[in-house]
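Only one structure is covered here, and it is reproduced in the block below.
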Amino acid sequence: MKTQIFIAALFLSGFAFAQEKKSDSVKTKKIEEVVLTKQVFKKQSDRFVYDVAASPVAKGNTTFDLLRQTPLLSTTDDKTLKIVGKNNALIYINGRKTNMDAESVTQFLKNTPAENIQKIEVITVPGSEFQVESSDGIINIILKKKMSDGLNGNMRMSNSQNKYNGSSASFSANYRKDKLGVSANLYGGDNIQAQHYVLRNGNDLSSNESTGNIDDPNQYIGGYLNFDYQLTEKSNLALSWNSSANKSYNSTVNLFNTIRSFNEKTNAFDTYYTNSKNKEDARSYNNSVNLNYELKTDSLGSKLNVNAAYLNYKRFQFTDNKTFLADPSGNNTGLIPTQTITQNLPQIINNFSSTVDYIQKFKNDFTVAIGGNFNKTKTDNDTKNNTFKEGEPTEFAPNHFIYDENIYGAYLTLEKKFSDKLSGKIGTRYEITNSLGTSDNATKEYRKIERNYNNLLPYLSVNYAINDKNNISYAFSSRMRRPSFWELNPVRNILTETNYTQNNPFVKASSTYNQELTYMFKNSYFLILNHSFFKDVITQVPLQGYAKSMDGKITEQNVLRYIRTNFGDKQEMSAMLGMNKTFFNQYLTMNFNVGVQHNVNNGSLSVDPTNGDIFLDKEGKQIVYSNNIKSTSILIQTNNTIRLDKKKTWFLGVNYFFVDKQQIELGMLKNLSSLDVSLKKNWNDWTFALNITDVLRTNIVEIEDYQANGNYNYVRNDQFRRGGTFSITYNFGNQKVKKVRDIEGASDAIKTRTR
């Protein structure tokens, strides 16, 4: 949906305490479970482990609620999760990602009860066996293992009230009989995502202000079906299918625009008003199937794992954008719009993937992992744009953009436990990427975009347990970030007559270098120092002024374009001090983090990279957008669960976060905070929960940017995050059912690059 694209472009992509909706993951590797005893939170060689089964926060919560209360994890937008010091958090379930697009993953997490979760692993610096991008980390959710044959499951229903009302329901079941295991999940619901915008941009001689509401209704359904069969004592065969669908019809944008420009003849400002009335109908479908074969080759845990997968993603989007002249009160002054732009913006993605992994374990605590992967992806974007001035057609601009991409990858990882105190891991990944984008309706230089590049990505980690109470570790990794498929699709998402976002097929992959030093004390207190260097950052950049095209034409009005591009380099440095501990005979469970982050931005842009336009001020001088500002900010986060009775049936939750103002690519992001409270009652197999979010209504995004050339840009986005959710969860069946074997999918590489 346009609204979601706009938010992702403006806020999430440059948000140091939120993260991008789209990320690339070409290779995953099964994460082996680690048996915990009584420790709730523990540091192990390359990850933090949170034992959910020993914590009171799981029952009656959704998986998303549970993750947002996990040490080192946070969310500021109730949609995306972030690991401390990381741009993005990739979600894994038992070592693999579900092949769903980002929106479906969020719905899945919010509609899956947390009762079946055993523990959560937070991998802050993934090894070479994972292909993650940028400074991404991994959140691995490990489900409970159960011991006997039979059937079990749960049902959950919830109702939410923010600006509008929404409801959801989910059903999940697990069945095992002898060698056959089956697991299934079905969820669905509806909601209206509401937002209010204030947008201002311009300079001393001209300005534009747009205010108004966006309402985006959604109906969604999704789920998965997994079959697992034990062929022999050493081999298994599995088939998994994931599916999701979303329908968003009659999504509306209603903005009142005030345009001011200085008239040199009258020596005064001329002001006129317009209304932007945008309507959008969109629907999307995501289906993936994965076939897995696993062979255990010895008693030490050595094994071969082979996957083949197919992923199909379809999105159909039609928009109708009308501009009406208006009076100062916001009323239309005519029945016929001065301008109408209709857009048909489909996207179809087909991906064929395969992975081969072999792990050889030796008796002297030495492990060798080697593997490779292949991904072949084709995206088809047959867009059509029609412009009408006062009802008469003036422009017909189709653009059939096809993008083909082949990725070849191989990795080698060596892991050694030298003693009970010292262990280490070293590895590297080599990737070859060949891509070709073609357009049938563009100028000659933009009709064919070919990129071929190779990357060698080293990794190193060392873990040293000083004694039973003290642990220290260091990790280094080199990563890259490929643009998401929707970022490459060269379409405009129009907000007003002079304000739109622009995707860019010329965006190239960026590189990131990460270092992390961690100290852990008594498995309850931790200090994390992190440094990340980003080269050729992929982000949205606001270019504004009088646009001059390559043929010399200049726009009559000051325009603002948010353009996806590579924007210089960036550094992020952070220090985080945290605690996870229980007090007062386990009546209080506290998760507390406090830290500081320092951002160093270094980027500039003067030319629209999608068409070569330059931007001029009123005197005809070229405008350059630059961001070379440093900022230091603090983060405070605390999640507290209070047990209210001896029988452990009543619980009160009090959660709070504060993010200080900081400089991002789009400007200065003002501080954000949120106070959330919850009340939960456990009664036999039933759980009743009431959650109230953003009680003080302080979680509203504001960004402002002032350039040396006099241009300014201001964005205020209120997503009405204050609201309440009431839920009922019921667990049924044999609670000792053994879970289905979990398989990583070959097309995990692609799903996060869909929209």
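What's counted below: heavy atoms across the whole structure, side chains too, no hydrogens, waters or symmetry copies.
- Across all their heavy atoms, Q502 and P490 have their closest contact at NE2-C, 3.9 Å.
- Listed for the S484 side chain is no donor-acceptor partner under 3.5 Å among the backbone atoms of E487.
- Side-chain contact check for N213 and N254: no donor-acceptor pair (N or O, by modelled atom type) lies under 3.5 Å.
- Counted by atom type alone, D608 and T610 present one or more donor-acceptor pairs between their side chains at under 3.5 Å.
- Using a 4.5 Å cut-off on side-chain heavy atoms (C-beta onward), P542 and L560 make contact.
- The shortest side-chain heavy-atom distance between V701 and V715 does not fall under the 4.5 Å cut-off.
- N201 and Q544 are linked by a side-chain donor-acceptor pair at a separation below 3.5 angstrom, with hydrogens and angles left out of the test.
- Side-chain contact of T252 with D215: a donor-acceptor pair under 3.5 Å is absent, judged by distance alone.
- Closest of all the heavy-atom pairs between I664 and N601 is C-OD1, 4.1 Å.
- Residues N713 and R200 have side chains not in contact (no heavy-atom distance under 4.5 Å, counting atoms from C-beta outward).
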Stepwise side chain to side chain donor-acceptor pair (under 3.5 Å) check, N246 with N218: CA-CA 7 Å; N246 188 88; N218 291 272; 3.1 Å; yes

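- Atom CG of D204 sits in a sparse spot, with 12 or fewer heavy atoms from other residues, nucleotides or ligands closer than 6.0 Å.
- In the model, D676 has a side-chain atom that pairs as donor or acceptor with a side-chain atom of S674 under 3.5 Å.
- Salt bridge absent: D613 and K548 never bring a charged side-chain N and a carboxylate O closer than 4.0 Å.
- A pairwise comparison of heavy atoms in F324 and G334 identifies CD2-O, 3.7 Å as the closest pair.
- Nearest heavy atoms, Y313 versus N286: CD1-ND2, 3.6 Å.
- Residues N275 and N257 have side chains that never bring a donor and an acceptor to within less than 3.5 angstrom of each other.
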Test log, rule side chain to side chain donor-acceptor pair (under 3.5 Å), inputs Y197 and R716: CA-CA 6 Å; Y197 272 106; R716 185 181 190 273; over 6 Å; no

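- Defined by atom type and a distance below 3.5 Å, a donor-acceptor pair is missing between the side-chain atoms of D569 and N602.
- Within 6.0 Å of NZ on K163 lie more than 12 heavy atoms contributed by other residues, nucleotides or ligands.
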Criterion salt bridge (Lys or Arg N to Asp or Glu O under 4.0 Å) on D270 and R260, from CA distance to verdict: CA-CA 6 Å; D270 295 332; R260 300 175 71 244; over 6 Å; no

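- With rounding to the nearest 0.5 Å, the separation of CD1 in I703 from NZ in K661 is 14.5 Å.
- A donor-acceptor pair under 3.5 Å links the side-chain atoms of T555 to the main chain of Q557, judged by distance alone.
- There is a side-chain donor-acceptor pair under 3.5 Å between N385 and Q343.
- Using a 4.5 Å heavy-atom cutoff, the side chains of N627 and F567 are in contact.
- With no hydrogens or angles considered, a side-chain donor-acceptor pair links Q317 and E280 at under 3.5 Å.
- Under the 3.5 Å distance criterion, with hydrogens and angles disregarded, no donor-acceptor pair is assigned to the side chains of E572 and H531.
- Side-chain contact between S510 and V537 is absent, with no heavy-atom pair separated by less than 4.5 Å.
- One distance of note links CE of M576 with CD of Q637; it measures 7.5 Å at 0.5 Å rounding.
- Atom OG of S207 sits about 13.0 Å away from atom CZ of F262, to the nearest 0.5 Å.
- Not one N or O on the side chain of S276 forms a donor-acceptor pair closer than 3.5 Å with the backbone of T323.
- At a cut-off of 3.5 Å, with distance as the only test, a side-chain donor of T725 or S160 sits close to an acceptor on the other residue.
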ring-ring contact (aromatic ring centres under 6.0 Å, His included) assessment of Y273 paired with F256: CA-CA 7 Å; Y273 309 93; F256 175 59; 5.8 Å; yes

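- Checking N503 against R564 by side-chain atom types alone, no donor-acceptor pair falls below 3.5 Å.
- A salt bridge links D718 with R697: the closest approach of a Lys/Arg side-chain nitrogen to an acidic carboxylate oxygen falls below 4.0 angstrom.
- Proximity of a side-chain donor or acceptor of T342 to a complementary backbone N or O of D320 within less than 3.5 Å is not detected.
- Side chains of T498 and N208: a donor-acceptor N/O pair is present below 3.5 angstrom, by distance only.
- To the nearest 0.5 Å, the span separating CG on N593 from OG1 on T638 amounts to 8.5 Å.
- Side-chain atoms of Q219 and K247 form no donor-acceptor pair, as typed in the model, at a separation below 3.5 Å.
- Looking at D660 and Q662, their side chains never bring a donor and an acceptor atom within 3.5 Å of each other.
- Side-chain contact annotation: Y562 with N493, donor-acceptor N/O pair under 3.5 Å absent.
- Checked options L672, I634, L635; the residue passing with F658 is I634 (criterion: side chain to side chain contact (heavy atoms under 4.5 Å, CB included)).
- Remark: the T698 side chain and the S673 side chain contain an N/O donor-acceptor pair separated by less than 3.5 Å.
- For N162 (side chain) and F720 (main-chain N/O), a donor-acceptor pair under 3.5 Å exists by modelled atom type.
- Closest approach of Y625 to L543, counting heavy atoms only: CB-CD2, 3.9 Å.
- Using modelled atom types and a 3.5 Å distance limit, the side chains of Q707 and D705 yield a donor-acceptor pair.
- Side-chain contact between N717 and I700: absent, with no pair of heavy atoms (C-beta onward) separated by less than 4.5 Å.
- Side chains of N332 and L325 form no contact here, defined as non-hydrogen atoms less than 4.5 Å apart.
- The backbone N or O of Q663 lies less than 3.5 Å from a partner atom in the side chain of S631, making a donor-acceptor pair.
- Residues passing the salt bridge (charged side-chain N to carboxylate O under 4.0 Å, His left out) test with D694: none are found, sequence neighbours excluded.
- Counting all heavy atoms, side chain and backbone alike, N628 lies closest to G603 at OD1-N, 3.6 Å.
- In terms of modelled atom types and a separation under 3.5 Å, the side chain of N203 and the main chain of L205 share a donor-acceptor contact.
- When side chains are defined from C-beta on, N489 counts as touching F401, because their heavy atoms get closer than 4.5 Å.
- Summarising the local packing, CD1 of I554 is surrounded by more than 12 heavy atoms from other residues, nucleotides or ligands at distances under 6.0 Å.
- The neighbour count for K277 NZ, taken as heavy atoms of other residues, nucleotides or ligands under 6.0 Å away, is above 12.
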